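Please read all numbers here as calculations on a predicted model, not as lab measurements. By convention in this document, chain letters (A, B, ...) are assigned in the order of the sequence lines, proteins followed by strands, and residues within each chain are numbered from 1.
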There are 2 protein chains.
Amino acid sequence: MQATSIYEPVKEGLERVEQNLLDVANLRFPFLAQVLAHVFESKGKRIRPAIALLASEFSEHDPEITEVMASGVELLHVASLIHDDTVDESDIRRGRATLSSLWGSNVAVQAGDYVFASAAAFMCDTGDIQVIRRFSKTIMALASGQLQEAADAHVLDQTRDHYLGRIYNKTASLFETASESGAILSGASEETVNAMCVYGRSLGLGFQIVDDILDFEGAEEVVGKPVGSDLANGVLTLPAIIAMERSPSDNPVRALFKEPGDDRRLAEAVAMVQDPAIIEESYEFARGLCHRSLECLKDLPRIPARDSLEEIVEYVLTRRK
Amino acid sequence: MQATSIYEPVKEGLERVEQNLLDVANLRFPFLAQVLAHVFESKGKRIRPAIALLASEFSEHDPEITEVMASGVELLHVASLIHDDTVDESDIRRGRATLSSLWGSNVAVQAGDYVFASAAAFMCDTGDIQVIRRFSKTIMALASGQLQEAADAHVLDQTRDHYLGRIYNKTASLFETASESGAILSGASEETVNAMCVYGRSLGLGFQIVDDILDFEGAEEVVGKPVGSDLANGVLTLPAIIAMERSPSDNPVRALFKEPGDDRRLAEAVAMVQDPAIIEESYEFARGLCHRSLECLKDLPRIPARDSLEEIVEYVLTRRK
């Protein structure tokens with residue numbers, strides 16, 4: 001993503017968000033300061049705070065409040081990554097060693113809790129009860145999504161709707177909160193708030209579906225994890241569900257889930273899902289959702305922030321990692 | 001504790017808090033419902049929500065709001081226990097198997113996050129920004145306290161002040177939030193809010209010190225964990241700090257921390273700290289704090305809630321587990 005150009009309308013706001021994140025690590029408690037500095041040195045794409053700030057641009061607003069909210073949104077994302085990595089026992093994230101690999105899962109769980117709480121503190125600083133309440137519902141959704149993934153592992157009978165419910169919780173809920181809160185805090189009309197809510201939700205679903213496609217399609221050196229890692233972990237994502245729809249009985253995924261850990265079966269299952277027709281159908285589904293996001297923008301004034309929100313949709317569909 | 005009599009003035013409120021907790025587990029997502037049902041079946045002493053409700057009794061108030069807050073306080077306590085057990089790899093808590101021992105640390109971390117978020121949702125339902133903000137600071141304090149304990153492990157040079165700072169974060173911050181929020185939500189005067197704040201903080205510090213004494217003094221079958229488990233984990237608590245003050249150089253604790261895991265050295269260090277004079281000096285310190293709690297109550301009207309708050313102080317000092 002040419003973040004520099006897409007994020008241009010909120011460039012300065014994003015810089016202040018970055019400073020807010022660094023301030024979280026600026027503590028008198030040296031050990032925690034060191035752990036958190038490690039966390040924030042690894043910069044993500046900052047797509048969620050960018051959406052939050054862009055969504056607020058359609059009405060006059062106090063930028064400090066929206067930046068505080070955008071900081072809370074990114075911190076919640078960072079906190080959930082820390083706990084996910086701990087749970088998955090991942091050693092690397094965004095090219096850097098994870099907290100649990102450096103300091104043990106003990107420290108990673110508690111540091112994640114601390115970042116969750118910092119996120120909540122930022123949300124409180126918006127002073128908007130509606131935004132704060134939405135935020136606490138989002139933490140519940142994120143945790144449910146991860147737990148659903150654990151509960152659904154190696155389960156073969158999963159519909160697209162079931163999958164969508166899970167990735168709404170796991171991913172789209174936070175995108176939705178980012179864009180909707182931006183609109184709410186700028187005092188936008190109810191129509192704009194609703195439009196931003198659907199924009200974020202649809203984009204978040206599309207984002208996760210593309211993520212799940214890249215798990216099959218991407219080269220390991222680009223995506224940063226082995227191809228087919230979801231299937232290897234027993235997680236059925238959209239491409240695999242489509243593959244199961246096409247050949248329900250004699251499907252290598254079925255054989256793999258019966259005997260997880262068998263490398264030959266994994267390779268067969270991955271090869272089946274990599275069928276270009278299946279990948280194309282998955283992208284078609286993601287495009288439909290992203291199209292819905294674009295539709296939400298059509299009644300908004302043509303200001304630079306709207307162009308950026310459109311370009312983010314385009315980016316989500318074309319990204320390679 | 002004769003909870004039935006001490007809690008009498010807020011008995012019905014506590015029953016509704018209990019129902020609120022059970023409602024958190026009443027979900028359409030069966031796996032999470034099952035996990036949470038297991039969590040809430042194990043009833044604690046509910047001392048924190050009791051204090052929260054009692055502290056609100058000195059002014060006219062909406063009981064529904066204070067019960068919602070008290071539920072959030074207990075949920076935060078439960079969430080932090082879930083994460084502590086995961087981190088400590090404990091198998092048993094309150095006589096029941098821990099989540100991590102039953103479903104793995106994966107599920108325990110995410111279920112803990114879910115309970116944290118439920119706590120935040122209850123706090124939001126109070127609609128009081130001051131209470132919500134205090135709450136997010138408390139989550140940060142709890143996480144810092146646990147991380148400090150990890151950072152301080154096997155460190156010999158620790159002052160009483162350092163220890164008090166750590167146990168304030170780890171334990172007293174939530175007691176303080178419980179009592180102060182009760183006063184705030186009942187619209188009490190600034191003096192009463194301050195009195196309740198100091199009451200909760202001093203009581204929480206006393207509570208943790210007694211806990212730390214019982215780790216040396218209690219019989220394993222009563223306390224539920226091996227005697228000296230803090231020292232075994234490299235955690236220096238007040239009795240051990242006093243022991244170090246008395247003989248700084250030739251102290252078996254020093255030898256133990258140099259060679260953690262050595263059973264003979266552990267036994268020697270525990271025996272040294274169990275010196276009745278050291279235990280008595282530790283209790284004297286806890287009594288001073290508890291006395292401060294009682295002082296906070298002296299200008300409040302003599303209603304049954306005040307008697308209960310006094311009896312809770314007595315209970316904290318005399319409990320055996």
Could you check whether any side-chain heavy atom of Ile65(A) comes within less than 4.5 Å of a side-chain heavy atom of Met69(A), counting everything from C-beta outward?
no
Is the closest side-chain heavy-atom distance between Val253(A) and Leu231(A) below 4.5 Å?
yes
So, for Val235(B) and Phe257(B), which heavy atoms are closest and what is the spacing to 0.1 Å?
N-CZ, 4.3 Å
Pair count under 4.5 Å, heavy atoms only, with chain B: among Ala143(A), Ala108(A), Cys124(A), Ala151(A), highest is Cys124(A)
To the nearest 0.5 Å, what is the distance between CG on Leu238(A) and CD1 on Ile241(A)?
6.0 Å
Please classify the contact between Leu32(B) and chain A as side chain, backbone, both or neither, with a heavy-atom cut-off of under 4.5 Å.
side chain
If I take atom CD1 from residue Ile129(A) and atom CD1 from residue Ile129(B), how far apart are they, to the nearest 0.5 angstrom?
4.0 Å
Please tabulate, one pair per line, the N or O donor-acceptor pairs under 3.5 Å between chain A and chain B.
{"from": "His83(A)", "atom 1": "ND1", "to": "Asp113(B)", "atom 2": "OD1", "distance (Å)": "3.0"}
{"from": "His83(A)", "atom 1": "ND1", "to": "Asp113(B)", "atom 2": "OD2", "distance (Å)": "2.7"}
{"from": "Asp84(A)", "atom 1": "OD1", "to": "Gln110(B)", "atom 2": "NE2", "distance (Å)": "3.3"}
{"from": "Gln110(A)", "atom 1": "NE2", "to": "Asp84(B)", "atom 2": "OD1", "distance (Å)": "3.3"}
{"from": "Asp113(A)", "atom 1": "OD1", "to": "His83(B)", "atom 2": "ND1", "distance (Å)": "3.0"}
{"from": "Asp113(A)", "atom 1": "OD2", "to": "His83(B)", "atom 2": "ND1", "distance (Å)": "2.7"}
{"from": "Cys124(A)", "atom 1": "O", "to": "Arg133(B)", "atom 2": "NH2", "distance (Å)": "3.1"}
{"from": "Asp125(A)", "atom 1": "OD1", "to": "Arg133(B)", "atom 2": "NE", "distance (Å)": "3.1"}
{"from": "Asp125(A)", "atom 1": "OD1", "to": "Arg133(B)", "atom 2": "NH2", "distance (Å)": "3.4"}
{"from": "Arg133(A)", "atom 1": "NE", "to": "Asp125(B)", "atom 2": "OD1", "distance (Å)": "3.2"}
{"from": "Arg133(A)", "atom 1": "NH2", "to": "Cys124(B)", "atom 2": "O", "distance (Å)": "3.1"}
{"from": "Arg133(A)", "atom 1": "NH2", "to": "Asp125(B)", "atom 2": "OD1", "distance (Å)": "3.4"}

Quick one: does Val115(A)'s side chain get under 4.5 Å of Val24(A)'s, heavy atoms only?
no
For Ala33(A) versus Leu27(A), what's the shortest heavy-atom pair and its separation?
CB-O, 4.0 Å
Look at Phe29(A), Phe116(A), Phe31(A) and state which one has the largest set of heavy-atom pairs under 4.5 Å with chain B.
Phe29(A)
